[in-house]
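Here's the structure, in structure tokens; my notes come after.
All heavy atoms count here, side chains included; hydrogens, waters and symmetry mates do not. The sequence lines fix the lettering, A, B, ..., with proteins before strands; numbering per chain opens at 1.
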Amino acid sequence: MAAQWQAFTPPGLLVNCWNIMLDLKYIRNNLDEVVAKLAIKGFAFDRDVFEQLDAARKHADMTSQDLQAQRKLASKKIGSLVASGKSVDEAKAEVASILELIDEQLSTATQDARDAQGKLEAMLLATPNIPSNQVPAGTSEDDNQEVYRWGEPRNFDFKPKDHVDLGEALQQLSQEQGAKIAGSRFTVLQSSLARLHRALTQFMLDTHTEQHGYQEVYVPYIVNATSLQGTGQLPKFEEDLFKLQAEHDFYLTPTAEVPVTNLVRDEILSGEQVEDGLKFACHTPCFRSEAGASGRDTRGMIRQHQFEKVELVQIVRPSDSQTALETLTGHAEAILRTLELPYRKVLLCGGDLGFSAQKTYDLEVWLPGQSAYREISSCSNFGDYQARRLQARWRNPESGKPELVHTLNGSGLAVGRTLVAILENYQQENGSITVPKALVSYMNGLEVIKG
RNA sequence: GGUGAGGUGGCCGAGUGGUCGAAGGCGCACGCCUGGAAAGUGUGUGUACGGAAACGUACCGAGGGUUCGAAUCCCUCCCUCACCGCCA
């Protein structure tokens with residue numbers, strides 16, 4: 001029964017006791033709905049296995065609890081008998097029959113309860129979040145819904161080049177050097193392009209902290225398995241990660257979402273703390289194995305093993321998360337608008353939605369080199385899904401009880417892809433690059449990048 | 001890396017095998033007192049799961065073990081602090 005679920009759980013990763021990702025009671029009470037909604041995401045939730053495991057868990061748990069209660073009583077009786085002067089052996093003899101019963105049954109009962117619970121937990125850890133009602137049906141990115149377009153793609157009176165040709169002609173971008181030092185999917189930037197990369201990072205961080213009310217954080221670029229489980233990368237997506245050969249379960253962070261969202265793991269925040277939401281902006285490198293992407297986007301800086309992002313993370317009250325997704329997406333859009341890069345906003349369909357996400361907007365920037373819109377930011381509301389895995393809660397003044405927060409994040413933006421977009425959108429016929437107005441001060445006054 | 005000391009409730013801090021989910025204090029909440037406040041005083045004050053409830057069970061860094069019984073004893077691991085060494 002359900003043996004396949006066991007394989008998904010790396011040792012030591014089970015969250016303490018009953019903390020599971022989708023609300024157990026909710027699933028139990030709304031099984032039809034859960035199954036139907038997960039199907040929108042292309043996930044087949046096995047309701048029979050779930051019901052079996054849930055029933056087995058409950059039965060074993062009750063048996064075990066009952067036996068433990070009896071044991072406790074017996075132990076206390078021995079204690080009081082010993083206290084009143086009897087020998088331990090005499091005291092034990094008085095409760096011999098109960099002890100015998102417990103001896104026979106307790107260890108198997110606890111083991112059964114533990115097994116059932118472990119399997120159920122593993123099953124739910126491997127079950128994705130339920131999509132929001134607003135998520136359109138669909139199986140691939142072709143079914144995503146365009147919300148709107150912003151900006152007019154520029155009309156070139158020459159044939160625009162892609163960023164690789166432009167960067168190599170400037171002798172400031174080299175895939176070959178990246179490959180020599182590390183391997184494929186690595187890039188070396190030099191001189192003004194290296195500076196432009198740094199300028200973009202600073203510009204984004206400044207904008208979000210000074211204009212959008214985010215708090216800047218600096219975090220570890222190495223994260224442990226528990227953190228990755230909290231945000232949903234583990235246990236299911238280990239092959240996408242770079243795991244370190246270290247004594248512990250260390251991974252290179254695939255996105256600042258992991259370290260930053262885990263700041264609130266195992267915390268109970270006060271009502272005041274989450275009243276306006278916690279808003280973090282964080283710049284990190286991101287490392288991804290791109291295991292499932294062989295052959296895709298091999299040219300240029302679109303899909304790299306190492307890239308940088310400025311990430312926006314929000315921790316909010318459940319009632320605020322829908323609005324927060326809109327504003328957070330707007331904060332990412334503000335970067336594109338200030339840089340005057342044409343883009344479109346897309347609502348992801350069920351099939352394209354990420355594992356942990358409830359609702360996601362992708363921002364796709366126009367790339368003249370590809371004559372296509374390409375993802376440059378992905379902004380998601382995770383509802384309470386990550387919060388449940390993280391045990392990230394707030395004390396609701398109305399109930400006085402700890403309740404799960406909602407988490408959101410979005411790229412604001414992916415730095416490498418923004419650099420690509422600037423090269424391609426701001427190129428001149430002679431191969432030089434006009435520096436966007438907003439970046440000139442970050443480039444020490446440089447207005448044109450030339451070879 | 002070496003040596004030593006520790007990890008207990010929101011915080012501080014008792015507790016070294018038996019009614020301990022855990023003394024005491026602080027903080028907090030509510031009440032009394034007061035013209036009002038302070039002081040004083042009384043009560044309450046962790047989380048999760050099951051249960052309509054009464055209540056039951058689990059949790060004293062994590063995991064394992066010994067025992068009828070573990071916060072307390074043993075083992076492993078993690079983390080923190082102090083001193084030394086090394087180092088951006």
Side-chain angles (χ1 to χ4, degrees), chain A residues 9-29 53-107 109-121 124 218 220-230 244 246-250 262 264-274 384 387-405:
Chain A
T9 311
L13 273 189
L14 287 182
V15 199
N16 65 342
C17 221
W18 304 102
N19 307 333
I20 315 186
M21 27 126 347
L22 290 175
D23 183 10
L24 198 52
K25 282 182 201 162
Y26 186 83
I27 302 179
R28 204 179 284 144
N29 297 331
L53 285 175
D54 191 39
R57 192 209 93 254
K58 188 164 180 176
H59 175 75
D61 190 49
M62 282 166 60
T63 311
S64 159
Q65 280 195 16
D66 185 50
L67 286 164
Q68 284 178 94
Q70 290 185 47
R71 182 186 69 184
K72 206 169 182 175
L73 283 176
S75 293
K76 283 188 176 172
K77 190 165 181 189
I78 290 177
S80 61
L81 288 173
V82 170
S84 70
K86 297 208 178 189
S87 77
V88 173
D89 285 341
E90 281 175 319
K92 278 167 81 166
E94 291 212 14
V95 291
S97 60
I98 293 171
L99 291 179
E100 206 171 301
L101 177 79
I102 291 165
D103 194 42
E104 277 172 23
Q105 298 179 1
L106 185 60
S107 69
T110 352
Q111 193 54 47
D112 287 352
R114 212 179 278 185
D115 285 351
Q117 181 192 315
K119 284 178 189 164
L120 190 62
E121 215 161 73
L124 293 179
Y218 169 81
Y221 302 155
I222 291 173
V223 293
N224 59 35
T226 309
S227 293
L228 286 158
Q229 180 178 286
L244 297 185
E247 59 270 42
H248 303 303
D249 285 335
F250 283 158
N262 271 276
V264 295
R265 169 153 53 86
D266 296 325
E267 298 288 339
I268 300 176
L269 304 165
S270 69
E272 284 172 10
Q273 281 178 288
V274 289
D384 64 10
R388 185 171 290 104
R389 290 176 163 240
L390 293 160
Q391 284 302 291
R393 294 173 291 177
W394 68 298
R395 195 172 294 279
N396 185 345
E398 284 175 29
S399 65
K401 301 228 172 220
E403 296 174 12
L404 296 169
V405 296

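Counting non-hydrogen atoms under 4.0 angstrom, I78(A) reaches a base of the nucleic acid. At a threshold of 4.0 angstrom between heavy atoms, the contacts of A69(A) are confined to the sugar-phosphate backbone, with no base atom among them.
Residue whose closest nucleotide on RNA chain B sits further toward the 5' end, between R114(A) and K58(A): K58(A). Comparing K92(A) and D66(A) by the nucleotide of RNA chain B that holds the closest heavy atom to each, the one mapping nearer the 5' end is D66(A).
Nucleotides C26(B) and G51(B) place their C1' atoms 36 Å apart, quoted to the nearest Å. Taking atom P on both A23(B) and U45(B), the two are 11 Å apart, rounded to the nearest angstrom. Rounded to whole Å, the separation between the C1' atoms of U34(B) and G40(B) comes to 11 Å. To the nearest whole angstrom, the two P atoms, one in G64(B) and one in G69(B), are 16 Å apart. Comparing the C1' positions of G44(B) and G10(B) gives an interatomic distance of 15 Å, to the nearest angstrom. Comparing the P positions of C55(B) and G6(B) gives a spacing of 40 Å, expressed to the nearest Å. Taking the C1' atom of each, A70(B) and A58(B) are spaced 14 Å apart, rounded to whole Å. Rounded to the nearest Å, the gap between the C1' atom of C73(B) and that of G15(B) is 15 Å.
A62(B) atom P lies 17 Å from atom CD of Q229(A), rounded to whole Å. In this structure, M62(A) places its CE atom 8 Å from P of G51(B), rounding to the nearest Å. Look at CD on Q273(A): it is 14 Å from P on G10(B), rounded to the nearest Å. Between H59(A) atom NE2 and G50(B) atom P the separation is 17 Å, expressed in whole Å. Atom CD of E403(A) and atom P of U47(B) are 12 Å apart (whole Å). Separating the CD1 atom of I102(A) from the C1' atom of U57(B) is a distance of 14 Å, rounded to the nearest angstrom. D266(A) has its CG atom 13 Å from the P atom of A48(B), to the nearest Å. Here the P atom of nucleotide C68(B) and the CD atom of Q70(A) are 17 Å apart, to the nearest Å.
For P402(A), counting side-chain heavy atoms from C-beta on, the closest listed nucleotide (G50(B), U47(B), C68(B)) is U47(B). Of the listed nucleotides (G50(B), A58(B), G69(B)), A58(B) has the atom at the smallest distance from the side chain of K72(A).
Considering only side-chain N and O atoms, K25(A) lies under 4.0 angstrom from the phosphate OP1 or OP2 of G50(B). For Q68(A) and A58(B), the shortest distance from a side-chain N or O to OP1 or OP2 is below 4.0 Å. When the side-chain nitrogen and oxygen atoms of R395(A) are compared with OP1 and OP2 of C28(B), none of them lie within a distance under 4.0 Å. Distances shown here put every side-chain N or O of R393(A) at or beyond 4.0 Å from the OP1 or OP2 atom of G46(B). The phosphate of C20(B) has neither OP1 nor OP2 within less than 4.0 Å of any side-chain N or O from K76(A).
Residues L269(A) and R393(A) are not in side-chain contact: their nearest non-hydrogen atoms beyond the backbone lie 4.5 Å or more apart. Side-chain contact between D266(A) and L390(A) is absent, with no heavy-atom pair separated by less than 4.5 Å.
Considering every non-hydrogen atom in both Q391(A) and L404(A), the closest pair reads NE2-CD2, 4.4 Å. Residue V405(A) comes nearest to A387(A) through the heavy atom pair O-CB, 3.1 Å, listed as atom of the first residue, atom of the second, then distance. Nearest heavy atoms, T63(A) versus A109(A): CG2-CB, 4.2 Å.
In this structure, D54(A) pairs ionically with R57(A), as a charged nitrogen and a carboxylate oxygen lie closer than 4.0 Å.
Judged by distance alone, the side chains of N396(A) and E403(A) do bring a donor and an acceptor atom under 3.5 Å apart. Defined by atom type and a distance below 3.5 Å, a donor-acceptor pair is present between the side-chain atoms of S227(A) and N224(A).
Remark: the Q65(A) side chain and the G50(B) base include no donor-acceptor N/O pair separated by less than 3.5 Å.
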Quick one: the dot-bracket string of RNA chain B, using Watson-Crick and G-U wobble pairs with both distances under 3.5 Å, [ ] for crossing pairs and | for bases paired to another strand.
((((((((.[[[..)..(.....]]]((((((.......))))))(((((....))))).[[[[[..)....]]]]])))))))....
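Summarising the geometry, atom CD belonging to Q117(A) is positioned 12.5 Å from atom CG belonging to D112(A); distances are rounded to the nearest 0.5 Å.
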